[in-house]
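To keep things clear, I will list the structure first and then write my remarks on it.
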Amino acid sequence: MKVFKFGGASIKDANAIRNVAHILQSYRHEKLVIVVSAMGKTTNALEAVVNAHAKFAGNAQELYDAVKEQHYSILRELFEANDDVFSIVNDTFVEGEWVLDEAPNEDYDYMYDQLVCMGELVSTRILSAYLNKAGFPTQWLDARDVVQTDNTYREGWVNWDKTKANAQRIVPPMLEAGGFVLTQGFIGSTSENFTTTLGREGSDYSAAIFSHCLDAESMTIWKDVPGVLNADPRLFENVLKLDRLSYKEAIEMTYYGATVIHPKTIKPLQNKSIPMYVKSFLDPSGEGTEISSDTEDTYPPIVMVEKNQALLHISTLDYSFVAEHHMARLFSKLANQRIFVNSMQNTAISFTICVPNVPERIDKFIKEISDEFKVRKEEHLELITIRHYTQDTIDNLKKGKIVLFEERIRNTTQMVVRNIPPIERRVVDMAGSKAV
Ligand code: ADP
Ligand code: ASP
Ligand code: MG
């Protein structure tokens with residue numbers, strides 16, 4: 001069997017859904033598990049509902065109704081008015097109404113997961129109804145019956161043994177019955193049957209979980225780009241498609257911010273030598289990118305940009321050296337606050353780290369270590385990572401930037417930069433003293 005994953009962009013409206021059915025036409029005789037995200041930007045819209053509910057803003061129901069209406073308008077384009085899918089989708093949305101009917105739960109992350117999962121639950125209801133109508137028998141599977149996690153809401157940690165046992169018990173008989181099996185990305189459940197999510201953009205990871213647990217022959221994720229490119233096409237021109245990547249290269253790229261693939265995706269595939277393909281849903285016959293083997297190709301320079309970073313310059317209060325026991329304490333505090341260190345450097349009495357700028361977490365961290373360390377924070381920064389760099393690429397990327405921190409190891413270079421603010425031209429007559 002193979003696993004396919006379709007993301008939000010691939011099912012963003014009625015035409016996009018028709019296009020997915022068209023792609024699947026060529027695979028109708030294959031055993032396929034299809035993992036699907038929420039439609040378009042639905043997850044962002046549901047996050048706004050959660051926020052409004054948590055803050056008693058008074059408009060949570062209104063925002064939720066708008067999400068529902070967006071889905072109904074797509075349904076009206078795809079189905080006759082008397083189709084069963086309308087009541088199926090309506091019943092699915094009721095799970096979210098229950099959350100809104102109650103006072104906001106004090107555990108924000110728990111409440112978030114119970115509501116935000118709606119996006120994937122309804123998108124899969126719609127797509128499976130459409131595929132059945134288009135003549136492709138498709139069974140809908142609740143991913144929460146398979147993917148079991150701990151109760152770290154919004155960042156559920158997979159219990160692999162339980163998930164594997166569930167997958168192997170539930171999915172093969174469904175595939176044997178013929179037709180596609182369609183399920184949700186991004187969601188799982190705790191042992192008490194509460195919904196969890198796996199972290200934003202986590203549907204690629206879900207597909208890898210299913211692939212790993214079911215020993216898939218391959219996994220394909222369908223994106224709005226021709227494959228993995230050597231830089232984000234939204235930020236750079238003249239990017240190159242990478243035809244083949246090793247697992248290692250792909251892990252490094254995704255870790256440093258190539259958002260085309262969720263960073264947790266590669267490991268479960270590599271562990272079972274399952275090849276992964278990144279292909280375009282806009283040009284399904286294109287070759288895409290193959291991520292397989294552990295042997296390295298030669299690569300062109302590959303650039304990743306992580307925005308919204310902060311540098312924390314941490315130094316001891318009493319001028320003692322930053323020693324191993326300090327590091328151990330700092331890292332355990334960072335881990336407690338779930339602050340991920342993207343890069344670091346140290347001198348005798350200071351230690352500098354580049355981290356995503358999440359002010360609530362950073363403030364708590366600074367407070368927790370204030371008995372021993374002082375911290376200077378610089379914000380509004382970008383972390384640029386270049387793999388297989390050339391001097392030309394580095395020079396080009398530095399243009400218009402102030403480099404605050406630079407680090408080079410073998411084939412990777414990292415720079416933390418700030419944009420040089422445009423200097424306002426002073427409208428002053430420099431010959432005299434009068435403004436003009
Ligand atoms: P999905 O619809 O599956 O959620 P995403 O939008 O998360 O897909 O990922 C696709 C996007 O990733 C592309 O539109 C592109 O802008 C961005 N991207 C960032 N880095 C790269 C890269 N190195 N190669 C290709 N796309 C990239
Ligand atoms: N819908 C989720 C998100 O937007 C998961 C995903 O699309 O991968 O984060
Ligand atoms: Mg995505």
Side-chain angles (χ1 to χ4, degrees), residues 4-13 16-17 19-20 34-48 50 67 112-113 115-124 127 143 147 154-156 183-188 195-210 219-243 245 249-265 276-283 286 288-289 291 299-307 384-388:
F4 277 10
K5 181 255 167 170
F6 288 96
S10 68
I11 50 160
K12 68 177 196 297
D13 54 28
I17 289 177
N19 179 53
V20 168
I34 305 168
V35 175
V36 178
S37 303
M39 290 175 161
K41 303 281 178 218
T42 303
T43 306
N44 294 350
L46 288 166
E47 281 188 344
V50 179
V67 171
Y112 176 105
D113 283 357
L115 243 170
V116 165
C117 65
M118 284 298 124
E120 271 69 13
L121 290 170
V122 287
S123 70
T124 49
L127 184 59
V147 180
R154 293 181 74 181
E155 188 75 55
T183 193
Q184 307 78 41
F186 185 51
I187 67 174
T195 304
T196 48
T197 62
L198 306 178
R200 285 302 308 263
E201 302 295 328
S203 294
D204 295 340
Y205 180 42
S206 298
I209 296 168
F210 276 94
M219 166 172 147
T220 304
I221 57 177
W222 297 87
K223 300 269 171 177
D224 60 355
V225 279
V228 179
L229 307 166
N230 70 334
D232 187 340
R234 289 170 300 189
L235 304 178
F236 296 95
E237 285 171 5
N238 299 326
V239 289
L240 302 170
K241 179 170 81 73
L242 303 162
D243 298 337
L245 282 173
E249 192 61 35
I251 285 211
E252 295 284 349
M253 283 183 73
T254 55
Y255 179 79
Y256 288 115
T259 55
V260 61
I261 305 169
H262 188 279
K264 286 184 176 171
T265 309
M276 167 172 165
Y277 300 92
V278 180
K279 285 169 71 92
S280 168
F281 61 79
L282 302 168
D283 174 22
T289 298
I291 300 166
Y299 299 108
I302 301 176
V303 179
M304 281 73 67
V305 179
E306 294 237 57
K307 295 186 183 267
I384 303 178
T385 304
I386 317 165
R387 306 259 307 152
H388 318 288

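Counting convention: from 1, in listed order, for ligands and their atoms alike.
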Taking both backbone and side-chain atoms of Glu201, is any N or O found less than 3.5 Å from an N or O belonging to ligand 2?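 Looking only at distances, the answer is yes, because the N/O contact criterion of under 3.5 Å is met.
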
Within the distance-only criterion (no hydrogens, no angle test), does the side chain of [X] pair as donor or acceptor with the backbone N or O of [Y] below 3.5 angstrom?
| X | Y | result |
| --- | --- | --- |
| Lys241 | Pro226 | no |
| Thr183 | Ala143 | yes |
| Glu120 | Ser37 | no |

Closest approach of any protein heavy atom to [atom], naming residue and atom:
| atom | answer |
| --- | --- |
| atom 3 (C) of ligand 2 | Arg200 NE, 3.3 Å |
| atom 27 (C) of ligand 1 | Val260 CB, 3.4 Å |
| atom 7 (O) of ligand 2 | Ser37 OG, 3.3 Å |
| atom 8 (O) of ligand 1 | Lys223 NZ, 3.2 Å |
| atom 6 (C) of ligand 2 | Ser203 OG, 3.3 Å |

Is there a heavy atom in Gly8 that sits closer than 4.0 Å to ligand 1?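 For ligand 1, residue contact (heavy atoms, under 4.0 Å) with Gly8 is present.
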
What residue among Ile221, Val225, Asp232 forms side-chain contact (heavy atoms from CB on, under 4.5 Å) with Val260?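 For Val260, the side-chain contact (heavy atoms from CB on, under 4.5 Å) check succeeds only for Val225.
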
When you check the side-chain N and O atoms of Thr196 and Asp113, is any donor under 3.5 Å from an acceptor?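 Absent: no donor and acceptor within the cut-off.
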
Could you give the distance from [atom1] ([X]) to [atom2] ([Y]), rounded to the nearest 0.5 Å?
| X | Y | atom1 | atom2 | value |
| --- | --- | --- | --- | --- |
| Lys279 | Thr220 | NZ | OG1 | 7.0 Å |
| Lys5 | Met219 | NZ | CE | 8.0 Å |
| Tyr299 | Asn230 | OH | CG | 12.5 Å |
| Glu47 | Arg154 | CD | CZ | 6.0 Å |
| Tyr112 | Thr195 | OH | OG1 | 13.0 Å |
| Met304 | Thr259 | CE | OG1 | 11.0 Å |

Counting heavy atoms only, which of [options] comes nearest to [atom]?
| atom | options | value |
| --- | --- | --- |
| atom 25 (C) of ligand 1 | Gly185, Gly257, Gly227 | Gly227 |
| atom 2 (C) of ligand 2 | Thr43, Ile187, Leu46 | Thr43 |
| atom 7 (O) of ligand 1 | Lys241, Met304, Glu201, Met253 | Glu201 |
| atom 24 (N) of ligand 1 | Val36, Asp232, Leu229 | Leu229 |

Would you please determine whether Gly202 falls within less than 4.0 Å of ligand 2 on a heavy-atom basis?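 Per 4.0 Å heavy-atom rule, Gly202 contacts ligand 2.
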
Below 4.0 Å from ligand 2: does a non-hydrogen atom of His262 turn up there or not?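 For ligand 2, residue contact (heavy atoms, under 4.0 Å) with His262 is absent.
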
Taking N or O atoms only and a 3.5 Å limit, does Asn230 qualify as a polar contact for ligand 1?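 N/O-N/O distance under 3.5 Å: no.
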
Nearest heavy-atom neighbours spanning Ala250 and Leu245: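 That would be CB-CD1, 4.4 Å.
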
Show the atoms of ligand 1 that are less than 4.0 angstrom away from any heavy atom in [X].
| X | result |
| --- | --- |
| Ala9 | 2 (O) |
| Asp224 | 10 (C), 11 (C), 13 (C), 14 (O) |
| Arg234 | 16 (O), 17 (C) |

Going by the atom numbers of ligand 2, which of them fall below 4.0 Å from some non-hydrogen atom of Glu120?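 Near Glu120, the atoms of ligand 2 are 1 (N), 2 (C), 5 (C).
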
Can you tell me if, anywhere in Glu201, an N/O/S atom lies at a distance from the Mg ion (ligand 3) that is smaller than 2.8 Å?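 Short answer: yes, at least one N, O or S atom is under the cut-off.
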
Below 4.0 angstrom, counting only protein heavy atoms, does anything approach atom 4 (O) of ligand 1?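 It does: a protein heavy atom is found less than 4.0 Å away from atom 4 (O) of ligand 1.
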
